[in-house]
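If you're wondering where the values come from, they're calculated on a predicted model, not measured in any experiment. Just so we're on the same page: letters track the sequence lines, and every chain starts at 1.
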Amino acid sequence: METRQQRKAAAQGAGPGDPRSPASLLEGTDRETLLNYYYQMVLIRYFEEKAGEMYTRARIGGYCHLNLGEEATVVGFCAGLEADDYVYTNYREHGYAICRGISPAVVMAELFGKKTGCSRGRGGSMHLFDLKRRFMGGYGIVGGQLPLAVGAAFALAYRGAREIVACQMGDGTTNGGPFHESLNLAKLYRLPVVFLIVNNQYGMGTRVDQGSAVPDLYRKACAYDMRSERVDGTDLLAVLEAVRTAARIAREEREPSLIEAVSYRFRGHSVVDPDRYRPEDEVRRWRERDPILLYATRLKEAGLMDEATRQELETRAQQEVEEAVRFAEESEFPSVEELYDFVYAGEGGR
Amino acid sequence: METRQQRKAAAQGAGPGDPRSPASLLEGTDRETLLNYYYQMVLIRYFEEKAGEMYTRARIGGYCHLNLGEEATVVGFCAGLEADDYVYTNYREHGYAICRGISPAVVMAELFGKKTGCSRGRGGSMHLFDLKRRFMGGYGIVGGQLPLAVGAAFALAYRGAREIVACQMGDGTTNGGPFHESLNLAKLYRLPVVFLIVNNQYGMGTRVDQGSAVPDLYRKACAYDMRSERVDGTDLLAVLEAVRTAARIAREEREPSLIEAVSYRFRGHSVVDPDRYRPEDEVRRWRERDPILLYATRLKEAGLMDEATRQELETRAQQEVEEAVRFAEESEFPSVEELYDFVYAGEGGR
Amino acid sequence: MAEMTYRQALHDTLREELQRDENVFLIGEEIGRFEGSYKITAGLLQEFGPKRVVDTPICENGFVGLAIGAAMLGLRPIVEIMTINFIALAMDEIVNHAAKIYYMFGGQCPVPLVIRTPGGGGQQLSATHSQNLEVWFAHVPGLKVVAPSTPADARGLLRTAVRDDNPVLFLENLALYNTRGEVPEGDYTIPIGKAQVMKEGHDLTIISYSRMAVVALDVARRLEQERQLSIEVVDVRSLRPLDHETVVNSVKKTNRAIIFEEDWRSYGVGAELAATLQEEAFDYLDAPIQRVAGAEVPLPYSKPLEQAALPSARQLVEAVDRLAIRKRRVVYA
Amino acid sequence: MAEMTYRQALHDTLREELQRDENVFLIGEEIGRFEGSYKITAGLLQEFGPKRVVDTPICENGFVGLAIGAAMLGLRPIVEIMTINFIALAMDEIVNHAAKIYYMFGGQCPVPLVIRTPGGGGQQLSATHSQNLEVWFAHVPGLKVVAPSTPADARGLLRTAVRDDNPVLFLENLALYNTRGEVPEGDYTIPIGKAQVMKEGHDLTIISYSRMAVVALDVARRLEQERQLSIEVVDVRSLRPLDHETVVNSVKKTNRAIIFEEDWRSYGVGAELAATLQEEAFDYLDAPIQRVAGAEVPLPYSKPLEQAALPSARQLVEAVDRLAIRKRRVVYA
Ligand SMILES: Cc1ncc(C[n+]2csc(CCOP(=O)(O)OP(=O)(O)O)c2C)c(N)n1
Ligand SMILES: Cc1ncc(C[n+]2csc(CCOP(=O)(O)OP(=O)(O)O)c2C)c(N)n1
Ligand SMILES: [Mg+2]
Ligand SMILES: [Mg+2]
């Protein structure tokens with residue numbers, strides 16, 4: 001067997017200012033859908049900014065990791081899946097949860113620890129979950145979600161179902177054993193799973209090349225003969241296309257894929273991180289490559305979104321976030337009497 | 001950085017009847033040394049056969065994994081290192097221990113659980129150790145020795161020492177997290193370590209391609225941009241050359257390497273394994289490729305070993321093994337009073 | 001009732017549960033083609049095929065996590081970890097994932113999972129292959145832990161575990177596989193969390209589980225004959241949840257107890273039992289609860305050392321003797 | 001003596017040990033460039049360089065194993081595991097390797113290693129980031145486990161741990177880092193295995209460790225003032241080896257004890273303490289030893305639930321009240 005790893009993406013490069021996402025996608029998709037992607041990106045943007053604010057105002061506790069700067073990857077990834085596909089992510093998952101259809105209000109309520117939250121207030125920012133929407137959890141242990149995602153794909157294959165599993169992770173995750181074991185298992189058993197590495201170029205303070213002997217992360221798939229590619233994570237349509245293709249291959253051919261989407265996080269690792277380890281000009285450079293602006297320009301240039309529409313979408317997103325905060329504020333905390341609920345299934349107690 | 005992985009070996013193939021080890025090595029090495037390699041191979045052969053017998057006669061307990069069929073890899077590997085290099089192996093390590101200079105008597109005594117054993121009877125077959133000879137242990141947990149070997153190499157680099165570390169493992173080991181984490185760390189920190197995969201084609205009952213999505217195991221190094229090659233593990237000189245090269249690169253350039261040596265185990269996974277999962281003709285085919293016979297033929301053809309010499313070496317090896325059994329038999333068991341010795345260092349007790 | 005080995009009881013139960021429920025599947029290292037390291041799963045690959053009996057590479061965290069993920073989607077995996085020692089590699093998926101998922105996500109997604117694994121020493125497998133690490137799991141809410149000592153209990157508890165909607169650690173023991181006993185036929189189940197009084201008595205209670213329960217029963221029977229001592233033997237069977245009621249009632253009756261366990265003494269299962277008994281039966285105790293446990297050393301390979309390190313019937317008898325010396329009130333026997 | 005935080009005490013000690021011995025180095029995730037998740041190692045990378053302060057990728061089993069291997073060759077690594085929850089991924093190298101190597105290879109190769117890691121809840125970090133798993137390690141012969149509660153003990157025990165020739169798990173606690181206290185200067189060490197009587201008393205002993213010892217001391221002082229109760233507080237400080245003598249002597253004096261711990265109750269540290277006390281001070285006990293511990297649930301995120309699950313001063317006071325009710329003899333106070 002020869003490595004089917006695709007060096008194409010690397011050869012083309014995914015560097016700044018290299019808009020490579022297919023124009024065909026822009027043309028072949030109806031305007032409403034395209035505008036909705038925009039809406040989702042700004043919704044995440046506002047949601048995350050608000051979450052940061054609410055954290056500072058002590059409405060939110062624990063750790064809180066934001067998707068700011070990663071909106072194109074988040075929306076593109078979710079848009080490339082079908083509604084009944086299963087999604088597993090790490091703890092930086094607010095945006096994914098929202099894109100998969102959990103209402104921002106219910107997500108915010110979870111961050112507030114309220115009983116109306118999508119995990120009934122038990123999980124918090126790192127552990128959003130919604131079985132009905134097949135959002136199978138944010139997970140706080142780096143790499144912990146990978147074997148679970150492989151197992152979900154195993155269950156789908158077992159049943160001959162047509163759904164697939166999509167599993168997000170960070171760049172730092174690719175250095176741990178769970179990554180390796182999971183990719184090997186997925187390929188060995190030919191399971192319908194799409195792995196997405198969100199290469200935001202840092203795992204906490206560790207730059208990719210300080211943690212990975214091979215900093216071109218998509219290339220790690222070579223050890224499993226798994227198809228893989230790198231895409232520009234600031235380009236919504238590029239991510240969408242890659243995920244859609246990988247999802248199709250998973251669905252039809254039962255072949256797993258690995259996608260690396262390169263982007264940047266605009267802020268620190270979590271809300272409390274003073275973010276002192278990244279060079280200022282690097283941060284500036286990437287902030288200029290704001291995925292939302294890039295997509296807006298794209299839509300405008302294609303004549304699909306005028307300024308008024310943009311304004312309108314942003315206002316609506318802002319309102320939705322305000323509404324989410326209001327809902328979260330007004331919701332109740334779980335009662336202390338419920339402390340022992342859910343320790344064991346099928347018993348309603350300890 | 002481009003993968004420096006060497007596809008050479010794969011291209012050449014390491015299939016049966018393809019004697020590719022360099023004639024130059026045969027010419028450039030003095031006869032005594034070459035004959036000593038032969039001696040070591042037959043010594044291991046007799047030792048392992050005797051160990052199997054002693055196990056059946058209940059002199060040896062626990063699990064007992066033999067190197068039968070892997071002698072060329074064992075001797076070639078050890079011969080490629082210098083005397084003060086450090087060696088870590090898995091539990092199938094009798095041969096390595098002997099080649100690194102632990103006397104067969106002391107190894108056999110360990111298998112018998114005697115206090116004269118190289119681990120004072122505490123370790124048994126899977127846990128041979130000799131600090132003076134820098135044989136840093138057989139380890140029974142699959143993959144457990146890899147991070148340790150990387151750590152030893154870290155210590156050498158830390159001190160600027162010229163010694164290196166060599167770490168043996170089985171094919172099945174390459175599917176676990178410790179393999180992946182260790183290779184990444186070794187490459188990332190540029191540590192002087194040579195990893196050897198003894199691909200005897202099975203991990204217990206699992207054929208390589210049933211456990212590894214990439215059955216060309218040396219290729220897994222691509223995920224770490226680590227130099228790697230596959231050699232014919234039934235060809236002592238081929239293994240020796242590869243290890244010597246890798247050791248030199250580790251020593252001089254602080255670059256780790258991965259070597260895959262393909263051979264076959266002549267018996268079951270451990271002495272008690274009835275070995276029912278391997279096709280009979282596969283076993284027969286590989287037994288015909290006996291590494292000892294191959295090397296004997298090589299030496300004979302080069303006019304370096306006549307039949308009388310061969311006989312003499314084999315008789316001597318047989319005697320050494322008999323002597324080892326006698327020593328082990330006559331040695332004493334550790335006294336029960338010593339039970340709590342060595343739980344903690346520096347305290348002589350619990 | 002049929003007499004069979006502990007191994008056979010496990011094997012038959014696995015087979016029946018595979019037949020009963022299409023969602024049940026087996027997964028682990030060497031359980032199929034190799035027929036299982038300890039042959040519990042022999043023949044099942046042939047009978048049920050590779051879909052239901054899944055051989056894995058050597059990656060405990062990976063395939064345990066896989067099983068958890070499959071359970072999240074409604075399958076009912078039965079994982080075999082070759083021996084409990086290798087479970088050290090799967091702690092993250094078991095403790096940080098299987099044990100948390102139902103609670104942490106607000107009761108949305110149960111994890112119906114069984115992890116079968118043998119512990120125990122006495123086979124000269126040395127320090128890394130002879131451990132009893134079950135107390136690690138007994139400590140963790142969200143997990144259940146059972147540890148049957150007889151073929152009948154193995155059958156009844158394994159059935160229950162497979163049908164339970166929670167992750168259950170099912171502890172076996174290398175030295176039990178060949179032991180024999182009567183096993184009820186049919187759809188026989190035993191509730192998790194119920195201890196079993198193996199033998200009634202009124203002078204003293206010996207509390208144990210897994211292999212040591214068998215030794216305890218033997219010793220109790222012997223001492224009854226030889227010394228007319230009436231010893232009650234309780235096999236707790238489930239470590240989590242732990243059946244306080246049965247052990248406390250027994251000690252309220254006998255007024256003294258010995259806990260007999262194979263594992264290291266400190267922070268072991270016996271500690272919890274002793275702590276519980278003094279909490280709940282304080283005024284009934286005539287003497288301190290004794291623990292007879294393994295020597296606190298990494299288990300040595302050499303036979304005489306290994307034997308010295310493992311808890312033995314002899315040590316148990318000595319503990320009985322010690323308790324008798326302390327007796328402070330009339331024994332009604 | 002100087003007043004400083006627990007964090008500062010750790011930082012200074014690490015720095016001094018790095019200065020003292022060239023073989024000492026620090027290794028872990030984010031300890032260098034990021035200055036440590038909890039800033040214990042802030043500034044040390046700049047001062048000692050990347051050779052002595054080693055940032056690792058996210059691979060706990062890998063870098064802990066690396067540290068063990070380095071220790072086998074005579075270095076003295078101090079590993080930081082970001083929080084104890086992630087140690088689940090490193091169990092194999094710690095328990096099957098670090099704890100076994102000296103014994104299993106017949107005393108040839110010590111493993112001088114310290115693993116520093118914080119445990120504890122109360123930061124709303126939810127189920128997978130709020131655990132107290134130290135009892136897993138306290139159970140394993142070949143390891144030592146210490147858990148200081150004050151800045152002074154943090155300093156003294158860390159120094160001793162670094163100089164010890166064995167693998168030592170050094171347990172910190174997220175909620176202790178900002179606590180302050182007097183810390184002796186100079187080459188101050190505290191032997192591993194010695195408990196500390198934090199406050200003398202004769203009515204009752206509260207035994208604790210790590211963060212809960214601080215709460216216990218507080219409660220004891222308060223009850224002394226408010227109710228004229230004379231409570232002795234013992235901080236065991238070392239979980240393995242455990243100082244039986246000090247706790248037993250205390251209970252022989254006070255005749256009753258409460259164990260106060262943050263971790264889950266069942267199979268926790270308190271179980272071993274209670275079991276030991278009833279074994280060794282049975283005739284001195286006037287009441288059952290109580291355990292006040294964390295609720296046995298995966299710690300929930302929501303603040304009110306989290307607070308309800310964690311053991312509190314209030315619960316400790318209630319336990320004191322319960323014990324008083326049971327008192328069966330005159331209190332000489
Ligand atoms: C097993 C484990 N080790 C360490 C941590 C602490 N930790 C949380 S996030 C993180 C960095 C992860 O980086 P990456 O995978 O790149 O994801 P990102 O945060 O950039 O999205 C670390 C080390 C953890 N949660 N789990
Ligand atoms: C972590 C772990 N899992 C499982 C085992 C059981 N086991 C012992 S040897 C072995 C097979 C190893 O195969 P390979 O690496 O190819 O080495 P070989 O025995 O062929 O030399 C297994 C699964 C173990 N010892 N450790
Ligand atoms: Mg990242
Ligand atoms: Mg093999």
Side-chain angles (χ1 to χ4, degrees), chain C residues 60-61 85-97 99-100 102-104 126-128 131 133 135-136 138-142 239-242 259 263-264 266-283 285 287-291 295-298 300-301 326, chain D residues 60-61 85-97 99-100 102-104 126-128 131 133 135-136 138-142 239-242 259 263-264 266-283 285 287-291 295-298 300-301 326:
Chain C
E60 283 78 5
N61 205 53
N85 307 280
F86 314 142
I87 216 166
L89 286 146
M91 294 305 287
D92 179 55
E93 288 296 338
I94 299 172
V95 173
N96 286 333
H97 295 86
K100 307 288 191 274
Y102 189 64
Y103 192 95
M104 187 168 75
S126 185
T128 62
Q131 295 172 101
L133 304 171
V135 71
W136 287 355
H139 181 55
V140 177
L239 304 182
R240 185 176 197 95
L242 183 64
I259 298 151
D263 199 4
W264 301 306
S266 297
Y267 304 95
V269 167
E272 178 61 32
L273 281 162
T276 299
L277 287 171
Q278 67 84 33
E279 273 156 14
E280 299 182 25
F282 185 78
D283 291 328
L285 284 172
I289 299 146
Q290 308 261 333
R291 289 181 281 170
E296 300 204 37
V297 300
Y301 166 75
R326 277 195 60 101
Chain D
E60 283 79 4
N61 205 51
N85 307 281
F86 314 141
I87 216 166
L89 287 146
M91 293 306 286
D92 180 54
E93 288 296 337
I94 300 172
V95 173
N96 286 333
H97 294 87
K100 306 288 190 276
Y102 189 65
Y103 192 96
M104 186 169 75
S126 185
T128 62
Q131 297 172 99
L133 304 171
V135 70
W136 287 356
H139 181 55
V140 178
L239 303 182
R240 185 175 197 97
L242 183 64
I259 298 152
D263 199 5
W264 301 306
S266 297
Y267 304 96
V269 167
E272 178 61 31
L273 280 163
T276 298
L277 286 171
Q278 66 84 32
E279 275 157 13
E280 299 182 24
F282 186 77
D283 292 328
L285 286 172
I289 299 147
Q290 309 261 333
R291 289 180 281 170
E296 302 206 34
V297 301
Y301 166 75
R326 276 195 61 102

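In this structure, C:N61 has no side-chain hydrogen bond (donor to acceptor under 3.5 Å, both in side chains) partners at least two apart in sequence or on a different chain.
Between C:P141 and D:V297, the shortest heavy-atom distance links the atoms CG-N, 3.7 Å. Nearest heavy-atom pair, D:Y267 versus C:L239, reported as atom, atom and distance to 0.1 Å: OH-O, 2.5 Å. Across all their heavy atoms, D:A99 and C:P298 have their closest contact at O-CG, 3.9 Å. Contact between D:W136 and C:V140 at its shortest, heavy atoms only, is CZ2-CG2, 4.3 Å. Contact between D:R240 and C:S266 at its shortest, heavy atoms only, is NH1-CB, 3.7 Å.
Neither the backbone nor the side chain of D:A90 comes within less than 4.5 Å of any heavy atom of chain C. For C:S126, the part sitting under 4.5 Å from any heavy atom of chain D is the side chain, from C-beta outward, and nothing else.
If you tally non-hydrogen atom pairs under 4.5 Å between each of D:A274, D:G142, D:P300 and chain C, the highest count goes to D:P300. In terms of non-hydrogen atom pairs under 4.5 Å with chain C, the most contact-rich of D:M91, D:R291, D:E93 is D:R291. When C:L273, C:L133, C:N96, C:L242 are compared by the number of non-hydrogen pairs under 4.5 Å with chain D, C:N96 comes out ahead. The most heavy-atom pairs under 4.5 Å with chain C, out of D:A295, D:G268, D:A281, come from D:G268.
Atoms CD1 and CZ, from D:I289 and C:F282 in turn, are 7.5 Å apart once rounded to the nearest 0.5 Å. Interatomic distance, C:K100 NZ to D:N85 CG, rounded to the nearest 0.5 Å: 8.0 Å.
Annotation: side chain of D:L277 is not in contact with side chain of C:Q278 (no heavy-atom distance under 4.5 Å). The shortest side-chain heavy-atom distance between C:D92 and D:E60 does not fall under the 4.5 Å cut-off. For the pair D:Q131 and C:V95, the minimum side-chain heavy-atom distance is below 4.5 Å. Taking 4.5 Å as the limit, every side-chain heavy atom of C:H139 sits out of range of all side-chain heavy atoms of D:H139.
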